[in-house]
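Notes follow the structure.
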Amino acid sequence: MTELERDSDIDKTDDDVENADIDESELSGRAGKIITLAKRRGFFWNSNEIYGGSAGFYDYGPLGTRLECNLVDIWRDIFVIQEGYAEISTPVITPEMVFSASGHLKEFTDLMVECKKCSEPFRADQLLTEHHPQPDNLNAEEVNGMLTEFGIKCPVCGGALSEAYPFNLMFKTNIGPGSKRIGYLRPETAQGMFINFHLLYRYFREKIPFGVVQIGRAFRNEISPRQGMIRLREFKMAELEYFIDPSDKSHPKYERIKGLKIPLLPAGKPQEEAKPTTVAITLEEAIEKKILGSEVMAYFIGLTYEYLNSIGLSGPSLRFRQHGEKEKAHYAEDCWDAEILTSFGWIECVGIADRSCYDIERHNEYSGHTLAVTIHHEQPIEREVKKVIVDNKALGKKFKALSVKIKAALEKLDGNKVADDGSPLKVNIDGKDYEIDRDCFEVKTVTEKEFGKKIIPHVIEPSFGLDRITFALIENSYYERESSYRVLRFKPQVAPINAGVFPLMAKPELVEVTQKCIENLKNMKLNIFYDDSGSIGRRYARMDEAGTPFCVTIDYDSLKDNTVTIRERDSTDQVRIKIANLPKILNDLIEEKLIFKEIKAA
RNA sequence: GCGGCUGUGAUCUAGUCUGGUUAGGAUCGGAGCUUCCCAAGCUUCUUGCCCGGGUUCGAAUCCCGGCAGCCGCACCA
């Protein structure tokens, strides 16, 4: 299959998706060419190169930065402007407690041991697989206990092993002088949104559902970053946290997207095949067939699909794959990844996870702040309840400082289960039993009015890896017209340069007219590139490599009749138009309100 | 993290085995010429032996260490 034939696959309809036969080995040669082009033209390159480079870090050059900027603009347009989610911005450096609560401190960790003799490092759980069914769930103490119990030695040299120590994928730092206040560079932007839930809930006038987004950098100290931009130690994410009532996983705008036909690859059997085939069905069907569990999941899969389409990622190189039980993150109940086929195989570009109530509940517990939603009843509910009513005075006199804890324990008891015979009650405080006499409390039937219910919201999280999307887009936009004539076929709105504008030759009279054209185009907020060096063909070629959709050329005829030629990148067709109409026509072309073939020649 | 292979201007590459002139070529890029519409041609110019140490009179070349890349295994999501 040639590159060009592969390109034609992209134009196939959704119905073809199931049968699309993509030769993955054919793709592997592309990576090198694309990395070369990216470096030469200023899209991206490995960081710190003059000092030997550093794995897992990439710089964006001028074109890459603009491209990514455009992708983010479109993301914002959908999620912030259209959907109305609120964008916030929280710090990268985050105190340790946040990650204690979120579970990252524990779960984002591998326990390692080192040989004291040959200093070979090992993953501790790997050494215990024969002695425990799930050694990765053990804590350091248990691991050390078992290493001693089974007398495990270094598998390489037989030497004694060190104590187990955690290797955490988070970058650690100190906040302020000294080393007492430990901080971490966030491994996801999500926590910044969770820990502000109470403020955001107020901002949204105490109603759910609502969505909060954050676009920013995240950090993971990957053990071995590979595959260029796919696995980075510092990367950018755009994340949405959509807070919902767990008893209502519908979505108000579900109707709008339910008809979208989307290539899905559910967990389990379908993925175990050598060449897994996706099922292209509508979201509505997917819900009926229980492939998707809820309207919200369906909605965000749909919205993600629309976003990826709008930046130019579609067709058989796009699929949504469900995570299997074992591969889900510690916080996830269900997870679907949007995957894009590149020369590195199918790569996860967006993760859409149902994080259930996990994060908010944990922050409730660890912070002591109430992060919860009150669901108001339409009518207050009245009911008669038997309750233990404490006599504070009597209890306080008897138990002094302990009385606070005892009171709390007593009030927790179910009034119906307290015997009516006037016998004392037993409560257990910090492992000790106390007998509480009846003179300290009584059991009463009271009328309770309940105005609403406090619930912990569930969270649906679409999380976009911007670097991966940027890379996947560059790769999927790449094609060769003839041998070694390279073109990036970006959609006009995402292209880093909207148009190249050239004098046919660098003659003062032509340059003058060209500059006037450029001034008018820049006033339309278009990103214009001027070039007068080399032959005209060379300049077109430069723009094709940069993915610029249109070029405008001013020649000697322009001086006579006020017309210019406008050239389309993919067809290389040209049409002459009046200079006066140029800004409007070019702007409409870029917004795709006008198709190039429909331009009437002047 | 382990093992194998590799590292020459921005890119591709000759030279490395067998140490010895000023590291050669092409592309890209810059300046200029050319009424120049698809990488045309001509003149001219810039940028390089991954880093550090060792062996040697002398290292791109041999040795050691590091860094980076690719492949496989492992790991991670």
Side-chain angles (χ1 to χ4, degrees), chain A residues 28-29 31-33 35-42 45-57 61 104 107-110 112 114 119-123 125-126 136 155-156 167-170 187-188 218 220-228 230-233 235 321 323-324 326-332 335 337 339 343-344 347-349 351 353 463 465 468 481-487 500 502-507 509-510 531-545 551-559 564-569 571-576:
Chain A
S28 56
K33 291 179 183 174
I35 287 163
T36 297
L37 181 135
K39 192 171 182 183
R40 189 156 42 82
R41 285 294 171 203
W45 53 76
N46 187 222
S47 299
N48 307 312
E49 209 177 59
I50 65 165
Y51 290 105
S54 24
F57 297 94
H104 284 88
E107 304 286 346
F108 223 54
T109 293
D110 294 330
M112 314 255 306
E114 249 174 54
S119 67
E120 186 73 20
F122 302 96
R123 276 186 57 121
D125 57 344
Q126 299 287 316
D136 51 331
V156 174
F167 176 76
N168 196 291
L169 259 28
M170 290 192 292
E188 56 173 8
R220 294 178 188 181
N221 200 2
E222 297 288 350
I223 294 168
S224 61
R226 291 264 178 96
Q227 304 175 318
I230 305 305
R231 175 155 302 158
L232 296 175
R233 290 188 164 122
F235 55 101
R321 188 179 68 84
H323 278 205
K326 281 180 190 165
E327 84 187 299
K328 284 187 293 200
H330 64 271
Y331 48 71
C335 188
D337 286 345
E339 296 185 325
S343 37
F344 297 112
I347 58 167
E348 166 196 348
C349 288
S463 172
R468 288 181 171 192
R481 190 172 291 155
E482 292 143 30
S483 68
S484 83
Y485 192 106
R486 289 149 188 178
V487 186
F502 319 133
L504 186 61
M505 299 193 319
K507 296 293 184 189
E509 59 271 33
L510 293 180
D531 193 355
D532 62 13
S533 111
S535 72
I536 191 68
R538 179 178 297 270
R539 283 176 265 166
Y540 289 149
R542 281 187 193 119
M543 286 294 95
D544 289 344
E545 277 198 341
C551 290
V552 175
T553 303
I554 286 84
D555 59 15
Y556 282 95
D557 288 343
S558 307
L559 303 179
V564 293
T565 57
I566 179 162
R567 168 198 184 260
E568 188 189 37
R569 178 192 59 212
S571 63
T572 76
D573 288 344
Q574 293 189 345
V575 58
R576 277 198 99 82

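From a predicted model like this one, the values you see are computed outputs, not experimental measurements.
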For nucleotides [N] and [M], find the distance between their [atom1] atoms and express it as a whole number of Å.
N	M	atom1	answer
B:U34	B:A40	C1'	11 Å
B:G3	B:A74	P	16 Å
B:C12	B:A77	C1'	36 Å
B:U16	B:C62	C1'	10 Å
B:G7	B:A60	C1'	11 Å
B:U6	B:U18	P	15 Å
B:A23	B:C64	P	27 Å
B:A59	B:C75	P	46 Å

* Asked: Hey, is the main chain of A:I347 close enough, under 3.5 Å, to the side chain of A:R468 for a donor-acceptor pair?
  ->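 Not confirmed, A:R468 side chain does not pair with A:I347 backbone.
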* To do: May I ask you to decide if A:S558's main-chain N or O and A:D555's side chain share a donor-acceptor pair within less than 3.5 Å?
  =>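 Flag set: sc A:D555 to bb A:S558 pair under 3.5 Å.
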Using a cut-off of less than 4.0 Å, is there contact between a side-chain N or O of [X] and OP1 or OP2 of [N]?
X	N	answer
A:R542	B:G29	yes
A:S533	B:G29	no
A:R538	B:G29	yes
A:R40	B:U27	no
A:K507	B:U34	yes
A:S535	B:A40	yes

Under 3.5 Å donor-acceptor pair, [X] side-chain atoms to [N] base atoms:
X	N	answer
A:Y51	B:C50	no
A:T572	B:C38	no
A:D544	B:C38	no
A:R220	B:C76	no
A:R539	B:C38	no

Tabulated below should be each protein N or O lying under 3.5 Å from an N or O of nucleotides 3-6 of chain B; please produce it.
none

* When we call it a touch if two heavy atoms are under 4.0 Å apart, what does A:R567 touch: a base, just sugar-phosphate, or nothing? ->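 Counting heavy atoms under 4.0 Å across all strands, the contact made by A:R567 includes a base.
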* With a 4.0 Å cut-off on heavy atoms, is A:T36 in touch with a base, just the backbone sugar-phosphate, or nothing at all? ->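 The residue A:T36 makes sugar-phosphate contact but no base contact.
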Are [X] and [Y] packed together at the side-chain level, in the sense that at least one heavy-atom pair is separated by less than 4.5 angstrom?
X	Y	value
A:N168	A:R220	no
A:I554	A:F502	no
A:K39	A:E49	yes

Considering every strand shown, what is the Watson-Crick or G-U wobble mate of [N] when both distances are under 3.5 Å?
N	answer
B:U43	B:A31
B:C12	B:G25
B:U56	none
B:G65	B:C51
B:U18	none
B:C2	B:G72

Find the distance [X]:[atom1] to [N]:[atom2] and express it as a whole number of Å.
X	N	atom1	atom2	result
A:R486	B:C28	CZ	P	11 Å
A:N48	B:C67	CG	P	14 Å
A:R233	B:C67	CZ	C1'	12 Å
A:E339	B:A77	CD	P	16 Å
A:N46	B:C70	CG	C1'	14 Å
A:H323	B:C76	NE2	P	14 Å
A:L169	B:G1	CG	C1'	13 Å
A:D531	B:A39	CG	P	14 Å

* Name the residue closer to the 5' end of RNA chain B, choosing between A:G534 and A:E545 according to the nucleotide with the nearest heavy atom. =>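 Here A:G534 is the residue nearer the 5' end.
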* Take A:G53 and A:E509, find for each the nucleotide of RNA chain B with the closest heavy atom, and name the residue whose nucleotide sits nearer the 5' end. =>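 By nearest-heavy-atom nucleotide position, the 5'-most residue is A:E509.
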* Selection from B:C38, B:C36, B:A77 that lies nearest to any side-chain heavy atom of A:L504 ->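 The nucleotide sitting nearest to the side chain is B:C36.
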* Asked: Among B:C36, B:C38, B:G69, which is the nearest nucleotide to the side chain of A:Q574?
  ->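 Output: B:C38.
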* With A:D531, which of A:R542, A:R538, A:R539 fulfils side-chain hydrogen bond (donor to acceptor under 3.5 Å, both in side chains)? ->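 Going through the options one by one, the only one that passes is A:R542.
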* Identify the two heavy atoms, one from A:G61 and one from A:W45, that lie closest to each other, and give their separation to 0.1 Å. =>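 Residues A:G61 and A:W45, closest heavy atoms: CA-CH2, 3.5 Å.
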* Asked: What are the two closest non-hydrogen atoms of A:R481 and A:R569, and how far apart are they?
  ->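 Residues A:R481 and A:R569, closest heavy atoms: NH2-O, 2.7 Å.
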* Atom CD in A:Q574, atom CD in A:E568: separation rounded to 0.5 Å? ->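 A:Q574 CD to A:E568 CD: 11.5 Å, rounded to 0.5 Å.
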* **Carboxylate-amine/guanidinium proximity below 4.0 Å for A:R567 and A:D544** =>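 Looking at A:R567 and A:D544, the cut-off is met.
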* Asked: Side chains of A:Y540 and A:T553: donor-acceptor distance under 3.5 Å anywhere?
  ->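 Distance-only check passes for A:Y540 and A:T553.
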